[in-house]
Structure formats: structure tokens, C-alpha cells
There are 2 protein chains.
Amino acid sequence: MQKTVQKRTLKTRARLIEAAEGVVAQNGYEALRVEQVVQTAGVAKGTFFAHFRDKDALMEIMMGQRLNACLDQAEATTRPTTVSTIIAALEPVHGFMMSERYVFDLLIRYSGATGIAEIGPIATCFERYFRVVVMWLEDAQVRKDVPAEMLAEGVQAFAIQAMSLKFCALHSATSFTDRLDAYLTAWLTPAA
Amino acid sequence: MQKTVQKRTLKTRARLIEAAEGVVAQNGYEALRVEQVVQTAGVAKGTFFAHFRDKDALMEIMMGQRLNACLDQAEATTRPTTVSTIIAALEPVHGFMMSERYVFDLLIRYSGATGIAEIGPIATCFERYFRVVVMWLEDAQVRKDVPAEMLAEGVQAFAIQAMSLKFCALHSATSFTDRLDAYLTAWLTPAA
DNA sequence: ATTTTTTATTGACCGTGGTCAATTTTTGAT
DNA sequence: ATCAAAAATTGACCACGGTCAATAAAAAAT
């Protein structure tokens with residue numbers, strides 16, 4: 001009982017994603033409407049949902065691609081060993097995450113797997129972010145009383161916290177980079 | 001040009017919130033439908049939106065109340081001075097935050113003020129959480145090389161991280177409390 | 001009291017995400 | 001080539017949050 005995939009399926013799917021990417025390029029992620037995507041792609045609405053569970057599933061795919069590209073960039077830098085170089089290396093990733101509030105919210109919501117064995121593109125990206133940071137930290141000038149894995153989880157937590165505060169009217173005084181720098185210095189190289 | 005508020009307004013608003021609370025008590029937050037709330041309250045749909053900007057605004061009010069009650073509980077404990085007692089004191093708060101995935105997501109989304117001078121009930125609660133933890137940390141057995149304010153922001157960040165991972169299929173092995181304990185020990189009382 | 005102005009309520013209507021039985025297209029067997 | 005089974009597509013339809021011009025009720029002015 002194999003379910004053969006027709007080549008037209010792949011074509012339709014590609015057309016949908018292409019159309020969606022065009023819409024996003026023009027108006028951003030938040031303004032994307034399924035109706036506009038299917039019209040641009042020249043298919044019926046039902047077709048969209050035959051290809052993607054829901055609108056968020058398409059968002060996950062598109063944002064996952066962008067995130068992976070940003071992570072490629074991050075990994076292409078010379079291996080950072082200090083707090084400030086780590087932050088600099090992650091700049092493309094964080095930049096995209098903060099590009100739109102809608103993007104940030106959606107990324108956070110899907111950063112963990114939603115169901116059992118149901119790990120989506122965004123959760124995968126967060127896992128990759130984590131692994132990259134672990135790798136960097138393993139031979140960086142940081143505290144060694146705690147495993148690199150935990151340090152990396154902390155980096156992620158602090159990055160999200162700094163991004164959150166960036167969107168927050170109350171704490172908009174300090175810049176994202178300055179705040180993250182202070183957090184990570186205290187976390188990775190404690191003085192007491 | 002004062003806009004006088006009629007007493008019937010307050011009554012209608014109270015009826016709406018009461019109705020909403022009943023619905024939530026029965027089916028949880030996620031299942032709440034505006035239609036059901038207005039039916040229970042015996043008003044028209046338009047009235048709902050004359051009282052609350054949108055459905056989320058009502059959610060914010062209800063969750064804010066619950067959160068404040070949890071924070072009252074937290075503050076009623078004998079002032080915690082160690083990592084484990086801090087975690088224990090915050091248990092009611094974290095418990096509510098993790099009670100439903102929908103609740104967690106919404107809280108995170110509104111944890112920062114959404115607009116300038118537009119600080120809502122949930123953001124206020126997060127501010128209170130922060131203040132309470134600062135107060136505790138000020139005379140707790142923790143590192144002093146970093147201001148208590150930053151330590152408290154870290155506590156919040158790690159708590160959110162631990163809650164996120166709790167909802168995540170990948171990392172469900174470690175319990176929330178154990179994970180948060182490890183985080184906070186490393187953050188508040190570093191050994192190197 | 002009567003009129004005017006302000007405030008609150010109403011419900012028909014809209015936008016948008018999502019569903020599903022019916023239809024069309026493709027595939028594979030004969 | 002023909003036909004039956006499987007897969008993909010369609011579009012009318014639904015659910016639900018949210019809007020707004022019309023109406024009703026209350027408060028203020030006369």
C-alpha cells in the first residue's frame with residue numbers, strides 16, 4: 001500500500017510556496033492571506049489545505065528556510081570564542097527573529113515540538129541553534145563548572161528574553177545587543 | 001468634556017466577565033467562544049466588543065486576575081533565600097502558567113507591553129513577578145557581582161525556558177522543577 | 001416636562017481560516 | 001485502448017472573531 005506521489009503534486013506545492021514567498025516579500029509575513037496565495041498560485045483554496053495542515057504550517061516552512069539560511073551564515077563565520085563575537089555571529093539569526101513581531105511570536109510558539117514525534121521546521125532550527133552554540137562554547141573562554149549544553153540553553157533563554165524586552169515599550173531604552181551582552185557576560189563568565 | 005459612565009455599563013461588564021469565568025471554569029481558556037459568553041451574559045455580540053477591544057483583552061483581564069492571586073500566594077510565603085525555596089514559592093505562579101498551552105502562549109505574547117504607554121494586565125503581572133524576585137534576591141545567598149535586577153530578569157528567562165521545554169516533546173524527560181533548579185543554581189550561585 | 005446631547009446596545013454583516021463531499025486527473029492492471 | 005482504483009483538486013460551505021450604522025436608553029440642558 002504505497003501512496004504514490006504524483007509529480008503534479010510537487011509542482012503545485014512549489015507554486016504555492018513560491019506564491020507565498022512573493023506575497024511575503026511584498027507585504028511581510030503578518031499580512032499574508034491564504035486567499036491571495038492561492039489566487040497568485042492559480043489554485044483553489046482547498047488545495048492549499050491539502051498541502052499544508054494550516055496557514056501556520058506554511059509559515060513554519062518559510063520561516064524555517066530563512067532561519068536555516070541565517071544559521072548557515074552564522075556557521076560560516078570564524079568560530080567565535082568570546083561573548084561579543086558570539087553575539088556578532090548570531091546577529092543574522094536574531095535579526096530575522098526580530099524583523100516582525102508576528103514572526104517573533106510565531107517562532108516562539110513553535111520553538112518546541114508541538115506533539116509527540118511532531119517536530120516541525122522551526123523546532124528543528126532551534127535545535128540547530130542550540131547545537132551550534134554548544135559547539136562554540138566547548139572551546140570558548142567560558143566557565144567550565146557547568147556543561148556546555150546547559151550554557152547553550154541559557155544563551156537561548158537570554159536571547160529570547162532580550163528580544164522580548166526589545167519589543168516591550170517599557171524597556172526599550174537599552175539596545176538589544178547591549179542587553180544581551182550584559183546577560184551573557186554574567187552567565188558565561190561569572191566573577192563570583 | 002468628561003465622559004460619564006453609566007452604572008449599567010459596569011453591570012454589563014461585570015456580567016460579561018462573570019459569564020466568561022463560568023465558561024472558563026467549565027471548559028478551560030482555549031475553548032472559550034465569544035458567542036457563548038454573550039449568550040450566557042444575555043447581551044448582543046457587539047456589546048462584548050464595546051467593553052473589550054478584542055477577545056484577547058478579556059483573556060488578559062481574567063488571566064491577570066488569576067496571576068495576581070498566585071503572586072499573592074507567593075508573597076505570603078516566608079521569604080525564600082535559597083534556589084529551592086524560591087522555586088517552591090513561585091510554584092503557584094508557574095503552575096498556572098503551565099496549566100494550558102494556550103495560557104502559556106498568550107501570557108508570553110502579552111508579557112511585554114504591546115504599545116507605547118499601553119501596558120496591559122499581563123505585562124503588569126510580569127513586572128510584579130520581577131519586583132518580587134528582586135526583593136527576595138536582595139538578601140538571599142546569591143552572587144553579588146551582578147545587580148539583583150539582572151538576576152531577576154535571568155530567573156524569569158530561565159523559568160520561561162524551563163516551561164517551554166516542558167511543553168516540548170523532545171525534552172520531556174527532565175521535570176520542570178529539576179530543570180529550573182539546575183538553571184537557577186548555575187545562574188545564582190556559580191562555582192567558577 | 002420637553003428637548004438635546006451623550007452614552008450604551010443591538011444584530012446584520014464582513015473577513016478570513018479551515019472543511020469536505022463531489023469531481024477531475026493520474027496511475028496501473030488487463 | 002479500456003477500465004478500476006488511487007490521488008489530487010475544486011468550490012460551496014461553516015465557524016468564529018470582529019465592525020458599524022441604526023436604535024434605545026440615560027443624562028444634561030432648556
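Quick caveat: nothing in here was measured; it's all calculated off a predicted structure. Chain letters run A, B, ... following the sequence lines, proteins first, then strands; residues in each count from 1.
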K.L.:
Is the B/F158 to A/F158 ring centre distance short of 6.0 Å?
P.N.:
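Judged by ring-centre distance (under 6.0 Å), B/F158 and A/F158 do meet the cut-off.
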
K.L.:
Under the ring pair (Phe, Tyr, Trp, His ring centres under 6.0 Å) test, which residues partner A/F96, sequence neighbours left out?
P.N.:
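A/F96: no ring pair (Phe, Tyr, Trp, His ring centres under 6.0 Å) contacts found.
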
K.L.:
Using a heavy-atom cut-off of 4.0 Å across all strands, would you classify B/L58 as base, sugar-phosphate, or nothing?
P.N.:
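Nothing: the residue B/L58, judged by heavy atoms under 4.0 Å, touches no strand.
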
K.L.:
Charged N to carboxylate O below 4.0 Å: is that the case for B/R109 and B/D105?
P.N.:
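Salt bridge flag = no for B/D105 with B/R109.
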
K.L.:
Using whole Å, report how far CZ of A/R15 lies from P of D/dT9.
P.N.:
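Answer to the nearest Å: 9 Å.
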
K.L.:
Both B/E35 and A/A44 contact DNA chain D. Taking the nearest nucleotide for each, which residue is further toward the 5' end?
P.N.:
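Result of the comparison: A/A44.
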
K.L.:
Considering heavy-atom distances to DNA chain D, does B/V5 or B/R33 have its closest nucleotide positioned more toward the 5' end?
P.N.:
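Its nucleotide being nearer the 5' end, the pick is B/R33.
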
K.L.:
Taking CD from B/Q39 and P from C/dG11, how many angstroms apart are they, rounded to a whole number?
P.N.:
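B/Q39 atom CD is separated from C/dG11 atom P by 12 Å.
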
K.L.:
How would you label the contact of A/L10 with the nucleic acid (heavy atoms, under 4.0 Å): base, sugar-phosphate, or nothing?
P.N.:
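The residue A/L10 makes no contact with any strand.
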
K.L.:
What string of B, S and - do you get for nucleotides 18-26 of chain D 5' to 3' if you count protein non-hydrogen atoms under 4.0 Å?
P.N.:
BBB----SS

K.L.:
Going by atom types only, do A/T82 and A/T85 share a side-chain donor-acceptor pair under 3.5 Å?
P.N.:
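There is such a pair between these side chains.
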
K.L.:
State plainly whether the residues A/E60 and A/K55 are in salt-bridge range, i.e. N to O under 4.0 Å.
P.N.:
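No, this pair does not count.
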
K.L.:
What is the distance, to the nearest angstrom, from the NZ atom on A/K11 to the P atom on D/dT9?
P.N.:
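Roughly 11 Å, once rounded to whole Å.
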
K.L.:
When you check the phosphate oxygens OP1 and OP2 of C/dT9, does a side-chain N or O of B/T12 lie under 4.0 Å from one of them?
P.N.:
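Yes, B/T12 has a side-chain N/O under 4.0 Å of OP1/OP2 on C/dT9.
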
K.L.:
The criterion is ring pair (Phe, Tyr, Trp, His ring centres under 6.0 Å); which residues satisfy it with B/F52, sequence neighbours excluded?
P.N.:
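For B/F52, the residues satisfying ring pair (Phe, Tyr, Trp, His ring centres under 6.0 Å) (neighbours in sequence not counted) are B/F48.
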
K.L.:
Can you tell me the distance, in whole Å, between the CZ atom of A/F52 and the P atom of D/dA8?
P.N.:
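In whole Å, D/dA8 P lies 14 Å from A/F52 CZ.
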
K.L.:
To the nearest angstrom, how far is B/Q36 atom CD from D/dG17 atom C1'?
P.N.:
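One finds 15 Å between C1' of D/dG17 and CD of B/Q36, rounded.
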
K.L.:
Donor-acceptor pair, distance only, cut-off 3.5 Å: does the side chain of A/T9 make one with the backbone of A/V5?
P.N.:
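Such a contact is absent between A/T9 side chain and A/V5 backbone.
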
K.L.:
With a 4.0 Å cutoff (strictly under), does any side-chain N or O of A/H51 reach OP1 or OP2 of D/dT9?
P.N.:
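Affirmative; the distance criterion is met.
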
